[in-house]
Q: 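My questions all concern the structure below.
Values below: all heavy atoms of this structure, side chains included; hydrogens, waters and symmetry mates excluded.
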Amino acid sequence: MPVTLDDKLVVAISSRALFNLEEENRLFEGGDPDAYMRLQLERLDVPAAPGIAYSLVRKLLRFNDDGVQRVEVVILSRNDPASGMRIFNSGAAAELRIQRGVFTQGRPPFRYLHPLNADIFLSANAEDVREALLAGFPAAHVNVEAAQASSLHPDEVRIAFDGDAVLFSDEAEQVFQAQGLEAFQANEVDKAAIPLGAGPFKPFLVALHRLQQAASTGMRIRTALVTARGAPAHRRAIQTLMSWNIRVDEAMFLGGLDKGGFLREFEPDFFFDDQTGHVSSAARHVPAGHVASGVRNVAATVPGSRRRPAQPPASRRTVASSRPPAKKR
């Protein structure tokens with residue numbers, strides 16, 4: 001039988017999202033790739049420090065502790081293959097079971113998300129994240145200056161999501177941007193019983209839900225919806241989750257309040273939001289990443305490209321017939 005990842009939750013992650021390589025990266029971005037290469041090779045046997053998404057990855061891999069491989073973590077990096085040795089060495093030193101990696105020596109790696117059939121892509125490269133979202137994959141630009149995750153919940157993966165343009169489509173946000181708060185509230189009251197469309201991170205939430213149901217390792221997943229919506233617009237968000245037959249453990253309808261303090265109390269291993277302001281606020285307290293999706297990001301062009309960030313796709317598995325078939329869970 002051929003080896004396949006179809007029955008696993010696949011996390012594709014860049015080396016800088018998983019490990020702290022900012023000193024090395026400054027050399028590379030300063031225009032001295034040779035010095036960068038020398039430093040990486042000099043530190044080949046020096047484990048890199050944990051990066052912003054390290055806690056999330058470590059905990060997800062613990063769902064394999066009973067010997068059943070439910071989670072696969074794959075390094076997807078612009079690093080060169082030689083530098084990739086240090087990434088694997090750092091993973092081994094941290095006892096992270098990572099056996100697969102793709103290293104493209106400066107070229108965009110997002111195309112390899114298709115054969116991996118990845119459930120999520122986390123990267124410190126904003127352009128790669130935008131391209132991944134355009135291709136229909138849940139993806140987030142990791143804020144490498146964010147706070148590290150709390151160590152108080154070793155047996156619980158905690159993930160927080162924004163609603164509109166992240167879990168849900170941005171259809172309601174478009175009304176808010178075009179017509180203002182009163183029109184938004186009226187629209188959401190009028191359509192309270194009509195589920196919102198799927199946002200880019202719905203497939204990842206579904207995959208987490210399946211992982212929790214299948215696992216027998218003692219690990220748990222705790223999710224939170226953290227949204228600027230308030231009553232009466234809260235109802236449509238809840239109705240949408242109910243229509244998907246998916247529940248979140250906590251829901252915070254903040255009515256425009258700053259999210260940072262609430263996320264500090266929830267202590268997620270990662271928080272996903274489509275607004276850079278919310279990501280910056282959250283990053284003072286918790287690991288956070290930007291989802292360049294929806295109307296608020298539509299004006300931001302991809303460097304070197306004429307394309308603009310896509311509206312949230314319904315699912316990467318139904319965007320095009322050339323995509324990998326649906327995973328068997």
Side-chain angles (χ1 to χ4, degrees), residues 52-53 55-56 59-60 120 122 129 133 138-143 146-150 152-153 156-173 176-177 181 184-185 188 195-209 212 220-242 244 246-297 312:
I52 299 305
S55 176
L56 175 64
K59 288 183 179 181
L60 284 173
I120 188 171
L122 300 174
V129 166
L133 285 164
H141 178 215
V142 174
N143 185 327
Q148 293 281 345
S150 168
L152 296 179
H153 311 283
E156 196 168 68
V157 179
R158 294 186 163 216
I159 304 178
F161 301 90
D162 180 32
D164 297 287
V166 179
L167 286 182
F168 314 131
S169 76
D170 74 332
E171 60 196 75
E173 182 66 27
F176 176 75
Q177 292 296 315
L181 179 59
F184 165 82
Q185 296 280 33
E188 294 308 280
L196 289 154
F201 270 71
K202 181 197 173 183
F204 182 53
L205 181 61
V206 171
L208 290 172
H209 185 67
Q212 179 70 88
R220 301 179 301 275
I221 297 173
R222 189 168 186 84
T223 53
L225 171 66
V226 184
T227 173
R229 284 174 177 253
H234 72 296
R235 182 181 170 189
R236 192 178 186 195
I238 295 173
Q239 289 287 127
T240 299
L241 291 171
M242 291 173 63
W244 295 345
I246 293 177
R247 69 175 182 86
V248 293
D249 297 288
E250 299 189 23
M252 305 176 200
F253 298 101
L254 302 182
L257 291 176
D258 183 79
K259 297 181 180 182
F262 294 89
L263 289 161
R264 181 186 62 227
E265 300 304 319
F266 179 64
E267 298 179 314
D269 294 292
F270 216 91
F271 170 60
F272 300 98
D273 201 292
D274 69 306
Q275 296 186 40
T276 55
H278 291 321
V279 172
S280 296
S281 173
R284 293 196 291 269
H285 311 287
V286 302
H290 178 228
V291 181
S293 172
V295 66
R296 284 182 177 268
N297 293 289

Q: Rounded at 0.5 Å granularity, tell me how far CG in Leu254 sits from NE2 in His234.
A: 13.0 Å
Q: So how far is it from Phe272 CZ to Asp162 CG, rounded to the nearest 0.5 Å?
A: 12.0 Å
Q: Atom CG of Leu122 and atom CG of Leu56: how far apart are they, to the nearest 0.5 Å?
A: 6.5 Å
Q: Quick one: does Asn143's side chain have a donor or acceptor within less than 3.5 Å of a partner on Ala288's backbone?
A: no
Q: Quick check: do Lys259 and Phe262 have side-chain heavy atoms less than 4.5 Å from each other?
A: no
Q: Would you sort out whether Asp164 and Arg229 count as a salt bridge (charged side-chain N to carboxylate O under 4.0 Å, His left out), showing the intermediate values?
A: CA-CA 9 Å; Asp164 297 287; Arg229 284 174 177 253; 2.8 Å; yes
Q: Could you pull out the closest heavy-atom pair between Thr227 and Gly163, with the gap in Å?
A: CB-N, 4.4 Å
Q: Can you see which heavy atom on Ser293 is nearest to which on Leu133, and at what distance?
A: N-CD1, 4.5 Å
Q: List in chain and number order the residues that pass side-chain contact (heavy atoms from CB on, under 4.5 Å) with Gln239, two or more places apart in sequence or in another chain; answer none if no residue qualifies.
A: Arg235, Met242
Q: State the OG1-CD1 distance between Thr240 and Ile246, to the nearest 0.5 angstrom.
A: 11.5 Å
Q: Do the non-hydrogen side-chain atoms of His153 and Arg220 ever get within less than 4.5 Å of each other?
A: no
Q: Is there a side-chain contact between Val166 and Leu225 (heavy atoms, below 4.5 Å)?
A: no
Q: Does any N or O in the side chain of Ser281 come within less than 3.5 Å of the main-chain N or O of Gly277, such that one atom is a donor and the other an acceptor?
A: no
Q: Answer yes or no: is there a donor N or O on one side and an acceptor on the other, between the side chain of Gln212 and the main chain of Ile221, under 3.5 Å?
A: yes
Q: Take Leu263 and His285, measure what side-chain contact (heavy atoms from CB on, under 4.5 Å) needs, and give me the verdict at the end.
A: CA-CA 7 Å; Leu263 289 161; His285 311 287; 5.7 Å; no
Q: Between the side chain of His290 and the main-chain N/O of Asp274, is any donor-acceptor distance below 3.5 Å?
A: yes
Q: Hey, are the side chains of Ile120 and Phe201 touching, using non-hydrogen atoms and a 4.5 Å cut-off?
A: yes
Q: Kindly indicate whether the side chain of Phe266, heavy atoms from C-beta on, has any atom under 4.5 Å from the side chain of Arg222.
A: yes
Q: Could you work out, with ring pair (Phe, Tyr, Trp, His ring centres under 6.0 Å) as the rule, every residue matching Phe271, not counting sequence neighbours?
A: none
Q: Got a second to check how far Phe184's CZ is from Glu173's CD, nearest 0.5 Å?
A: 7.0 Å
Q: When you measure from the side chain of Glu171 to the backbone of Gly197, do you find a donor-acceptor pair of N or O atoms at a distance under 3.5 Å?
A: yes
Q: Minimum heavy-atom separation for Phe253 and Gly230, please, with both atom names.
A: CB-CA, 4.2 Å
Q: Please list, chain by chain and in numerical order, all residues satisfying salt bridge (charged side-chain N to carboxylate O under 4.0 Å, His left out) with Arg158, sequence neighbours excluded.
A: Glu156
Q: For the atom pair OG (Ser150) and CD (Glu265), what is the distance rounded to the nearest 0.5 Å?
A: 11.0 Å
Q: Indicate yes or no: at least one non-hydrogen side-chain atom of Trp244 is less than 4.5 angstrom from one of Leu196.
A: no
Q: Between Val279 and Gly289, what is the shortest heavy-atom contact and its length?
A: CG2-O, 3.5 Å
Q: For Pro195 and Arg236, which heavy atoms make the closest approach, and how far apart are they?
A: O-NH2, 3.9 Å
Q: Can you check whether Leu205 reaches Phe161 side chain to side chain, under 4.5 Å on heavy atoms?
A: yes
Q: Tell me whether Asp249 contacts the main-chain N or O of Thr223 through its side chain, where contact means a donor paired with an acceptor under 3.5 Å.
A: yes
Q: Which atom pair, heavy atoms only, marks the closest approach of Ala140 to Val291?
A: CB-CG2, 4.2 Å
Q: Should Phe204 and Ile159 count as side-chain neighbours, where that means a heavy-atom distance under 4.5 Å?
A: yes
